[in-house]
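Take a look at the structure set out below.
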Protein chains: 2
Amino acid sequence: MSADPRPRTSTRLQVEQAVRTALLTGRFIPGKAVTLRGLAKDLGVSPMPVREVIQRLAAENALEIRLNGRVQVPEMTAPRFSEILKARLLLEPELAEMALPKLGKTEASRLKELDDALDASLGSGDTEGYMFLNHAFHFEIYKAARSQILLPLTESLWLQFAPYMRTVYGRVGTSSLVDWHKEAIKAVHDRDAGALRGAIAADITEGMGMLGRRGLEAINP
Amino acid sequence: MSADPRPRTSTRLQVEQAVRTALLTGRFIPGKAVTLRGLAKDLGVSPMPVREVIQRLAAENALEIRLNGRVQVPEMTAPRFSEILKARLLLEPELAEMALPKLGKTEASRLKELDDALDASLGSGDTEGYMFLNHAFHFEIYKAARSQILLPLTESLWLQFAPYMRTVYGRVGTSSLVDWHKEAIKAVHDRDAGALRGAIAADITEGMGMLGRRGLEAINP
DNA sequence: CTTCGTAGTTTGTGATCACAAAATTTTCAA
DNA sequence: TTGAAAATTTTGTGATCACAAACTACGAAG
C-alpha cells in the first residue's frame, strides 16, 4: 500500500530547481552564453537532463535558444521590460486577491519572518539573498491562491526579469530599495482585498520603476 | 554575406509545430496518454527531438508529466477552467488593444478572409478546421501587437483549453456557436480600441461560457 | 598593423543503448 | 469462472557517440 509513488527520477528535477534558483537570484547574467556541457559539468550530471531543462526554460522564455542553436540568458530591452511590467500588474494583484481568503495566521507570520530576513539582507548588502527572499515573499502570497494557471504564468515573468534585476542592483546597489511589503502584510491582517491589491501593485510599480530608471538608460531601445 | 542563418535544425521545430497544431485543433484528447516512442514513430523521427518537445510543452502546461513519468494531455477541471477564463479576459483584450495601431488594411482583409473561411467550416461541420481558423483569427490580431511577453502567455492558455474545447464540440456539435468576430473586424476598421476590447472579451466570455455550461456538467469538481 | 583564411576546438543535434519502473498480458491454481 | 501471481512488453531516464555547424586562435600575406 505505497500510495506515494516517488518521482521516477530526481536528476532532472534537481537540475531544474538549481537552474531556476540561479536565474531567480541573478547568478546568470543577461547575454551570457549557457552551454550544455558546461552546465552539466557544473552540476555534476550528464548533458542529457540539462538538455531537457534548457528546453523547458526556453519554453518559458527564461532562456533563449538562438537561431544557431546557442543558448543564452535573454538580454533586456525597453519594450520587453515595459511589457513585463504591464503583465505583472495584470496578473499579480489578481493572484494576491485570490490568495487572500486562504492566508491565515500561519502564512501571515511567515510573511513577517520573510520580510524581516529581507530587511536584514538589504542591510548587509546580500543581493543574492535579497532576491531569493523577495521572490519567496511574493510567492508565499501567490502560492496560497492554489492557482494552476496564473501562478505558472507569473513564475515565467519572474524568471524573465530576475537576471536583469540583478545586473541593475550590481550597478546601483540595493540600499535605495523601497518595498510595500509592510503594507501588504497589514492588508493581509485586515483582510482588505483592495489594500492588498494596492500594495502589490505599488510594490511592482516602484520596484520596476527603479529598475527602469536606473537600468534602461544605457540599453538599446 | 549570408545574413540568413538557417536554423541549425529543423527536426525539433517541425515536431513542435506538429504537436502544437495537433493540440490546438483538438487531435489530442484530454486524459489520453502520449508516449515518447509512439509520437516519434507517428512523426517518423527518433525519440530524441520528441523528448525535448514534450518537455517544452510540459513547461507550458500543455502536457502533463505525471509523477511516474507518464505523459498525458491534462484533464479539464472546473477551477482550472474558470482560471483560464479569468486569465484570458485579463490578457487578450490588452493584447488586442496593443495590436490595434498596427492593424492596417492588409490585416483587416486577412481577418475578413479568415472569418469567412471560419463560417464555411462551421457550416460543413469541420470542427478541426474551425478550431484552426478560430485560433488563426485571434492570433492574427494578437501577433500584430509584436508582443514578446503577453503573446507567449496567451499561447500557453490556448494550448491548455483547446483539447477540452474539442471534446465538448464533439459532444454537442459546433452549430450553436456564436462569435463576435464581425464586431471585432468592425472595431478594427473604426480604430475603436474600446469596441475591440469589448468584442474580444465578449467572444471569450461567450465561447468559454458555452464550454462551461455544456461541458463541465459531468466533470469532477 | 590590418585582414583574411585555415586549423583546431567547442557546441548543439539526433541516434542508439542499457536499465529500472510501470503497465499489460498470460498463466495457473482455487 | 475467477482472481492473483508471474512473465512479458512498454515506457521514461540517463549516458554515450558521431556528426556538422559555429566559434576561436593563430599565422601568413598584403
Just checking, any donor-acceptor pair under 3.5 angstrom between side chains of B/R37 and B/T35?
no

What residues 30-38 of chain A contributes to the DNA chain C interface at heavy-atom separation below 4.0 Å is A/V34, A/T35, A/L36, A/R37

Atom NZ of A/K41 and atom P of D/dA15 are separated, to the nearest Å, by 16 Å

A/Q55 CD to C/dT13 C1', in whole Å, measures 10 Å

query: Phosphate oxygens OP1/OP2 of D/dC23: is one of them under 4.0 Å from a side-chain N or O of A/N68?
result: yes

Fill in: N/O donor-acceptor pair under 3.5 Å between A/Y130 side chain and A/A120 backbone
no

Evaluate whether atom CZ of B/F161 has more than 12 neighbouring non-hydrogen atoms of other residues, nucleotides or ligands under 6.0 angstrom away. yes

Worksheet item: Under 30°, 30 to 60°, or over 60°: which ring-plane class applies to A/Y164 and A/F81, parallel, tilted or perpendicular?
Response: perpendicular

note: B/R66, atom CZ; D/dT11, atom P; distance rounded to Å ~ 16 Å

Between A/S46 and D/dG14, does any side-chain N or O lie under 4.0 Å from OP1 or OP2? no

Judged by nearest nucleotide, the residue sitting upstream toward the 5' end of DNA chain D, B/I65 or A/P47, is B/I65

Picking from D/dG14, D/dC23, C/dA15, the nucleotide nearest the side-chain atoms of B/P49 would be C/dA15

Separation of D/dT13 atom P from B/L67 atom CG, nearest Å, is 11 Å

Would you please confirm or rule out a distance under 4.0 Å between OP1 or OP2 of D/dA22 and any side-chain N or O of A/R70?
no

Exercise for review: Go through the side-chain N and O atoms of A/Q55 and B/R51 and say whether any donor and acceptor fall under 3.5 Å apart.
Suggested key: no

Subject >> A/R51 side-chain N/O to C/dG12 phosphate OP1/OP2 under 4.0 Å >> reply: no

Quiz item: Going by distance alone, is a donor N or O of one side chain under 3.5 Å from an acceptor N or O of the other, for B/E92 and B/T154?
Solution: no

